[in-house]
Each structure stands twice: as structure tokens, then as C-alpha cells.
Amino acid sequence: MGKGYQIKCNKCSYEFEALLGIGMRFPSEYAGTVEAIRNGDYGKRIQDLFRSHNNAVVNCEREIAVCTRCNCLKVLPNMSAYLPKDGCAEAPAYVMANDLEGYDKQFDYDHKCSCGGDMRIVDFPEDLMNGKLVCPECGEKLSFDPKNMILWD
Ligand SMILES: [Zn+2]
Ligand SMILES: [Zn+2]
């Protein structure tokens with residue numbers, strides 16, 4: 001079961017629906033992501049790690065990311081890469097964020113916006129509560145309203 005959130009601008013008509021966490025299709029989404037990594041869809045750095053380490057894993061949980069240039073919001077898989085602390089030789093079929101305690105982070109993925117800017121993963125809902133996110137359309141500060149939480153599966 002995942003959690004979602006609807007972000008609405010109080011000033012203009014901007015709306016953004018973010019489905020976060022993981023859903024029932026997560027195991028197959030995870031397998032598809034690892035295949036894409038091995039094919040080089042996410043760049044050479046993470047491809048090399050997965051090619052040279054059978055035990056490499058990736059954090060595929062969906063998070064909100066914000067462009068540091070144009071402020072646009074997107075939901076992206078986190079994509080940080082990890083190796084197991086205990087040196088276990090084979091990666092499990094999939095890992096969830098809770099499983100990552102047994103792993104060491106190797107590096108974060110550099111998410112890029114279509115405008116060419118860098119995207120950073122948002123601390124949700126803290127960044128929204130602290131007024132760190134602004135509407136990409138009109139620049140108004142976006143705020144957090146617990147009413148806008150949604151559940152999905
Ligand atoms: Zn707005
Ligand atoms: Zn951008």
C-alpha cells in the first residue's frame with residue numbers, strides 16, 4: 001500500500017498528484033528497473049556498479065523531486081545505489097526502503113529535469129510544511145494540508 005498526496009496551489013489552478021512509496025506491482029517494477037539499469041538507461045555509473053556487482057541493489061521507492069531551476073515537481077524512483085554490508089553475494093529479487101538498513105549507500109542518482117536543471121528529492125512532507133516548495137506556474141508558496149493525503153494500492 002502506498003501513500004499519495006495532492007499538491008494544490010492556493011493562487012492558480014496548478015495541481016500535482018504524487019503517488020509515493022510502493023504499490024502491489026512493486027516486485028515487477030523493481031525487476032524492470034534493474035533491467036533498465038543493466039541496459040544503461042540510467043547512465044554508465046550505476047550500470048557499471050550493477051555489472052560488476054551481482055549484489056548491488058537500488059532504492060526504487062517513488063519520491064517527489066523538485067527541479068532546482070524551474071521548480072517543477074515530479075514523482076521519480078529514488079535510484080540511489082547500494083551494496084550489502086555483510087558482503088552477501090547475490091541481490092534479493094527486490095528491496096524496499098526498510099531493507100536498506102543492511103546496505104551501504106554507494107551514490108545518489110543525479111536526476112535531471114527536462115529543462116536541464118538538477119532535481120533533488122524532496123523531504124516529504126517536511127519541505128512542504130516548511131514552505132520550501134513553490135508553485136512552478138505562479139511562484140506562490142505551496143503548503144501542506146493533511147486533507148490532501150490519498151491511499152492507493
Ligand atoms: Zn500557482
Ligand atoms: Zn526544470
Side-chain angles (χ1 to χ4, degrees), residues 1-53 56-83 91 94-100 103-153:
M1 178 72 99
K3 269 196 218 106
Y5 189 74
Q6 239 176 346
I7 293 170
K8 290 179 189 162
C9 177
N10 292 323
K11 210 169 169 187
C12 75
S13 60
Y14 178 75
E15 261 188 46
F16 178 76
E17 192 172 277
L19 298 177
L20 307 173
I22 61 171
M24 284 182 344
R25 286 186 308 277
F26 185 72
S28 62
E29 281 173 21
Y30 185 91
T33 304
V34 168
E35 201 178 299
I37 289 171
R38 290 181 185 275
N39 289 337
D41 295 358
Y42 289 94
K44 194 161 163 39
R45 193 178 186 197
I46 193 163
Q47 182 187 29
D48 283 350
L49 183 79
F50 272 70
R51 284 195 166 168
S52 55
H53 295 81
V57 300
V58 62
N59 179 358
C60 278
E61 297 217 7
R62 280 179 245 198
E63 306 206 53
I64 301 175
V66 61
C67 175
T68 54
R69 187 191 286 178
C70 74
N71 291 322
C72 87
L73 299 171
K74 272 185 197 160
V75 174
L76 298 170
N78 176 294
M79 297 306 291
S80 294
Y82 293 77
L83 289 175
Y94 61 91
V95 293
M96 300 194 247
N98 296 342
D99 302 325
L100 292 171
Y103 291 80
D104 284 320
K105 193 197 276 189
Q106 304 301 300
F107 47 81
D108 288 324
Y109 183 75
D110 295 324
H111 294 284
K112 289 279 177 197
C113 176
S114 49
C115 80
D118 293 321
M119 302 207 72
R120 78 171 173 85
I121 304 279
V122 168
D123 285 325
F124 181 82
E126 289 79 7
D127 282 357
L128 202 50
M129 286 170 160
N130 297 331
K132 287 189 186 165
L133 301 181
V134 298
C135 172
E137 313 255 316
C138 74
E140 178 80 357
K141 262 189 197 171
L142 297 170
S143 57
F144 180 75
D145 184 344
K147 269 204 317 285
N148 294 336
M149 295 296 301
I150 38 181
L151 293 171
W152 61 288
D153 60 21

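One-based numbering, in listed order, for ligands and for the atoms of each.
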key: the Zn ion (ligand 2): protein N, O or S atoms [distance under 2.8 Å]   = Cys67 SG, Cys70 SG, Cys113 SG, Cys115 SG
key: Any Phe16 side-chain heavy atom under 4.5 Å of Leu142 side chain   = no
task = Measure from the side-chain N and O atoms of Tyr5 to the backbone N and O of Asp145, and report whether any donor-acceptor pair falls under 3.5 Å.
result = yes
task = Tell me, please, which residues at least two apart from Asp118 pass side chain to side chain donor-acceptor pair (under 3.5 Å).
result = Lys112
note = Distance filter < 2.8 Å from the Zn ion (ligand 1), protein N/O/S hits 4
message = Could you walk me through whether Tyr94 and Asp99 satisfy the side-chain contact (heavy atoms from CB on, under 4.5 Å) test, starting with their C-alpha distance in whole Å, then the side-chain angles of each, then the deciding distance to 0.1 Å, before giving a yes or no?
response = CA-CA 9 Å; Tyr94 61 91; Asp99 302 325; 5.6 Å; no
request  = Could you give me the CA-CA distance, side-chain angles and deciding distance for Ile121 and His111, then say whether side-chain contact (heavy atoms from CB on, under 4.5 Å) is met?
outcome  = CA-CA 9 Å; Ile121 304 279; His111 294 284; 4.1 Å; yes
task = Write out all pairs satisfying side chain to side chain donor-acceptor pair (under 3.5 Å) with one or both partners inside residues 68-82, taking only residues at least two apart or from two chains.
result = Glu63-Asn78, Asn78-Ser80, Ser80-Asp108
request  = Show your reasoning for whether salt bridge (charged side-chain N to carboxylate O under 4.0 Å, His left out) applies to Arg120 and Asp127.
outcome  = CA-CA 12 Å; Arg120 78 171 173 85; Asp127 282 357; 2.9 Å; yes
request  = Would you check if the side chain of Glu61 reaches a backbone N or O of Ala97 as a donor-acceptor pair within less than 3.5 Å?
outcome  = yes
request  = Before giving the answer on salt bridge (charged side-chain N to carboxylate O under 4.0 Å, His left out), spell out for Lys8 and Glu17 the whole-Å C-alpha distance, their side-chain angles and the decisive distance to 0.1 Å.
outcome  = CA-CA 9 Å; Lys8 290 179 189 162; Glu17 192 172 277; over 6 Å; no
